[in-house]
Structure formats: C-alpha cells, structure tokens
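Right, one structure below, let's go through it.
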Amino acid sequence: MFYKSTRDSSIKVESSVAITQGISADGGLFVPETIPEITLDEIKNLGNLSYADRAAFIFKKYLTDFTDAEIHYCTDNAYSTKNFETESIAEISQLFDGTYMLELWHGPTCAFKDMALQILPYFLTTSAKKINLDKKIIILVATSGDTGKAALEGFKDVEGTQILVFYPEDGVSPMQKRQMTTQSGENVGVCAMKGNFDDCQNGVKAIFTDSQVKEKMEGAGLMFSSANSINWGRLVPQIVYYISSYASLAESGEISLGDKINVVVPTGNFGNILAAYYAKKMGLPINKLICASNINKVLTDFIETGVYDRNRDFYATCSPSMDILISSNLERLLYIITGHDDAQIREWFTSLAETGRYEVSDAVKKVLSEEFYGGYCDDEQTKSTIHDIYAKYSYTCDTHTAVAVKVYEDYKNATGDTTKTIIASTASPYKFSASVLESIEGRNSDLDEYEMVDKIAELSDIPVPAALAELKDKERRFKDSIEKSDMTSYVLKEFGLN
C-alpha cells in the first residue's frame, strides 16, 4: 500500500514515510493509493475480538510496511484500560429505538481525539525507526480545543519528540484551555494566538512548507510532523471505530449483518466524517453520511451547492471545536471523488487560498448529494436539544453531540428515513459545563467551573472523569499569547533556531 499526495499523484511513499512527514512537501495530504476492502465475514469475525485486535486487523490493510508485531505493539499499548475508562474503548449507548450514541470520549482527555492520539505516538516512533530517522521530531499542532490536549497527552515525554500547540485565545472552552495550559511533560509547549482556529491552522501549514524554516530545521537535526488530522496516522484510527461499532451492533443482535446504517458526525475539519466515508468505501454497509455543522455552516452550504466559500462571518459558538471555516480533510474527499485528479485539486485549493472560494463540477456535486446530507443548527437550537435529550431520555450530552442530534432530527423529518443510526458523540459534557448546565436548567449559572461540574454530576449521574477533576488544583504552566503574524518567529525561538 503506497500513499500519494493530493496535489502530486506522482509522489508515492509507504505509510511510515507518510506518517513521519505528516504532510507532503507540496502542501498536499497523503492518501492511500487504493482503498482496501473489508467483507461482511471479516466484520462478523471482528465481533469476537477486543478493540485493540479489531484495530490491528484494519491497520494491517493500510499500514502494509508495518510488521504484525509492530502493529500489535501500537494497538496493545494505545487501546487498554490504562488509557480508557471502559473496556470496550468506544462505548455504545442506545438513545432511543434504532438510534445509538457512539461515545468516543472515555479516553484520558475526554474527547474523541483520544481514539487517534493515543496511538499516533506509537505509529510515529515506530515509523521513525523503520526509516532510520536520526532527527528529533517536532510536532506542531493547531487546535480548536480537543486535538491540542489529546496530542499533548499522547506525546508528553515521548523520546525523540517535542510538541508545540497553538490554540485560538478566545476560541476554546475554559475547561479545554485549562487542560492545555496545565499540561505536564518536559517536551511540551502551548501558546495562545489572537485569532481563530483557521488562523492557527493556516499558520501551522505555512510553517510546514516554509523553505527557510525547513533549512534551519535540517541544520539543527530537527524535522516537523503533524498531530492534526492532516496526518494519515491521525485519520486511519478513526476508520476503526465505525467498523468496530457496526461489528458490535451486529454481534449483539441490534442489527443483522449486512443491514445498512446511517452515520451522523458533528464536524468542522471534516476528518471524523471522512473516516466514516473511508469505512463505507471499504465495504461497511452505510446508507447516508450526515454531516452536522454549527452556525459556521460552510460544509452544509458546500454539500448543498457545491460551492465552498469561506468569505463569511465567523461565529464563536458553544460548540467551539467546530468553529472552523477551512475544512482541511475535504481535500482528501475531493481527490477520491475526482479519480485522483491532482491538477483539479491544485486548481481548487489554490483558488481557496487566493480568493477564499471554489466551485466543484456537476459530477462532483452529484456524488456529494448521493453520499452526504448536510445540516446545521445555531446555539439556541443546540442548547434546546441538550435540554430535550436530558428531559426525554435522562441522557446528558455535550454541545457538539447535540448539534449532531438536532441535524439528525431535521434529516429524519425531511426524508422520513428510519434506517438505524449511529451518532458520533465526540466529547464529555463536562468539557463544556457552562453551556450544558445552562441548557439543562434553562438559565445561566453563577457557579464557578468546578461547581458546575459537580452540579452536572449530580443531575446526570455520570461520574466526573478523574482527568478533569484533578485539573482544579493544577498550576497553569503556559501563559504566552501572540499575534498570528508572529507564529513563525515564535516557533523559531522556541526551538532555538532564530
């Protein structure tokens, strides 16, 4: 299995190189040359395996330059009860008949990013050894809230690596900010940036492809890699939990093997729902992929019209991890749909960089409408949904999962589709305690962050994750805040390259 760049199909590298580099030198994203198949018999057999063994089975189809021993080393270390609070790793709760919450937040940072970022350090260090890399790997991360903490936790004190995370100063929840700024580890760094997530993401991408910065890194024996979902090593673990959840539902008799399901994903950067698309292309029986956005609805508009236009107002919402107007992983989807047409991808994404918009062909629009449904809701609807779910089902969900539930309700009302459905639940409600408590009680609370956490625990009967409870007494280590124009100089200073 080789990997090509979305912007230059002549580039072919093995998975270990794709994972180590993170992003292609031409600015493109690495994608597998072909999408491997999974049969219904194979899915059935997964039902009797642990999550780690299910993951290993799927990774062997994509990471063909890894030995079986190397893959099991990665999965056995990442997916265990030492890292996750539940043996199943990805818990499934039935919200109501035929609708299931795929709870992806039982890891150490209480967000779905743990599903990938607990294993990425093992992928990365194993890949570096495979290609005899003798450089220190510098992980640069742009985060809208959850990736930053999950990456910091995954890479803390990992030998041969150093990690620096940028987050939008006013674009994350208080709990997310506290998680990052109190992070332990000798090789970690965190910096706030005056701007939004797109500014952080654009800055990191620009640094990755800056020839002068790369030259300085080379001279110092350093190299960049990424922990964002632009790195294939971040995306491939997300394919696993969709296939795993289907295998679990079939094993338990909730569905019959071969039955189609819908998948609903709250998304901003498009990586999480793209992973579901890969699972479908492998052979997982998925009917419709339902893409849920908040009021920053650039993806909803794109799915409906085929026009991607980031030239619009940016809103800070109660679902901040989705406050994104440039969805990086869409590039991978379009590369697949166009039949690996790298020239077309270069044209569209050059236009996006220069004008802020592009429009896809009618053929691509047709595929988008067949595969995806796009919907959105605003903060008022998000909070109303949290309240209604709590009142009807005694289930407490976070602000991002509530967006998915609301969009799914809209989809059912619009289509009448009653196909059994998995909703990706992407974060613990405790990470967004102010909004969740306000939604349940119908009023703003004057409690402090940790009093709100205790109140939600009382109302929901969900134990407070230890990783969040212990933050109350942790000292804030990282206090830097910079302008977006200063990102490159800050990186050079942090690594002694200026």
(message) If we count only N and O atoms by modelled type, under 3.5 Å, do the side chains of Q183 and K474 hold a donor and an acceptor together?
(response) no
(request) Please identify each residue that fulfils ring-ring contact (aromatic ring centres under 6.0 Å, His included) with Y376, with sequence neighbours left out. (result) none
(request) Check the side chains of D323 and N294 for a donor-acceptor pair under 3.5 angstrom, ignoring hydrogens and angles. (result) yes
(message) Within the 3.5 Å criterion, strictly below it, is a donor on D388 or T385 matched to an acceptor on the partner's side chain?
(response) no
(request) Examine the side chains of T39 and D41 and answer whether a donor and an acceptor come within less than 3.5 Å of each other. (result) no
(request) Decide, yes or no, whether a salt bridge links E42 with K61 under the criterion of side-chain N to carboxylate O below 4.0 Å. (result) yes
(request) Examine the side chains of N269 and N228 and answer whether a donor and an acceptor come within less than 3.5 Å of each other. (result) no
(message) Tell me whether the rings of Y411 and Y373 are parallel (<30°), tilted (30 to 60°) or perpendicular (>60°).
(response) perpendicular
(message) Under a plain distance cut-off of 3.5 Å, with no hydrogens placed, do K149 and T109 share a side-chain donor-acceptor pair?
(response) no
(message) Nearest 0.5 angstrom please: M322 CE to D146 CG, how far?
(response) 11.5 Å
(request) Sort out for me which residue in W232, F30, Y62 forms a ring pair (Phe, Tyr, Trp, His ring centres under 6.0 Å) with Y3. (result) W232
(message) Is it true that S328 and K205 share a donor-acceptor pair across their side chains at a distance under 3.5 Å?
(response) yes
(message) I'd like to know if K366 pairs up with E370 as an ion pair, taking the criterion as any Lys NZ or Arg NE/NH1/NH2 lying under 4.0 Å from an Asp or Glu carboxylate oxygen.
(response) yes
(request) Scan for salt bridge (Lys or Arg N to Asp or Glu O under 4.0 Å) pairs involving residues 43-55, sequence neighbours excluded, and state none if there are none. (result) none
(request) Would you please classify the geometry between the Y358 ring and the Y308 ring as parallel, tilted or perpendicular, with 30° and 60° separating the classes? (result) parallel
(request) State whether a side-chain donor-acceptor pair under 3.5 Å links Q176 with S321. (result) yes
(request) Using a strict cut-off of less than 4.0 Å between a Lys/Arg side-chain nitrogen and an Asp/Glu carboxylate oxygen, indicate whether E37 and K281 qualify as a salt bridge. (result) no
(message) Check D379 with K383, please: is the shortest side-chain N to carboxylate O separation under 4.0 Å?
(response) no
(message) Can you give me the closest heavy-atom contact between D378 and I295, atom names plus distance?
(response) CB-CD1, 4.2 Å
(request) Determine whether the side chains of N272 and T267 contain a donor N or O and an acceptor N or O closer than 3.5 Å. (result) no
(request) Taking atom types as modelled, find out whether E169 and S481 have a side-chain donor-acceptor pair closer than 3.5 angstrom. (result) yes
(request) Quickly, which of Y393, Y395, Y408 forms a ring pair (Phe, Tyr, Trp, His ring centres under 6.0 Å) with F96? Name it, please. (result) Y393
(request) Determine whether the side chains of E103 and S425 contain a donor N or O and an acceptor N or O closer than 3.5 Å. (result) no
(message) I'd like to know if E438 pairs up with R443 as an ion pair, taking the criterion as any Lys NZ or Arg NE/NH1/NH2 lying under 4.0 Å from an Asp or Glu carboxylate oxygen.
(response) no
(message) Between S384 and Q381, is there a side-chain donor-acceptor contact under 3.5 Å, judged purely by atom types and distance?
(response) no
(request) Find the distance between OG1 (T182) and NZ (K472) and round it off to the nearest 0.5 Å. (result) 14.5 Å
(request) Please state whether the rings of F372 and Y277 are parallel, tilted or perpendicular, taking 30° and 60° as the class boundaries. (result) parallel
(request) Taking atom types as modelled, find out whether N231 and R234 have a side-chain donor-acceptor pair closer than 3.5 angstrom. (result) no
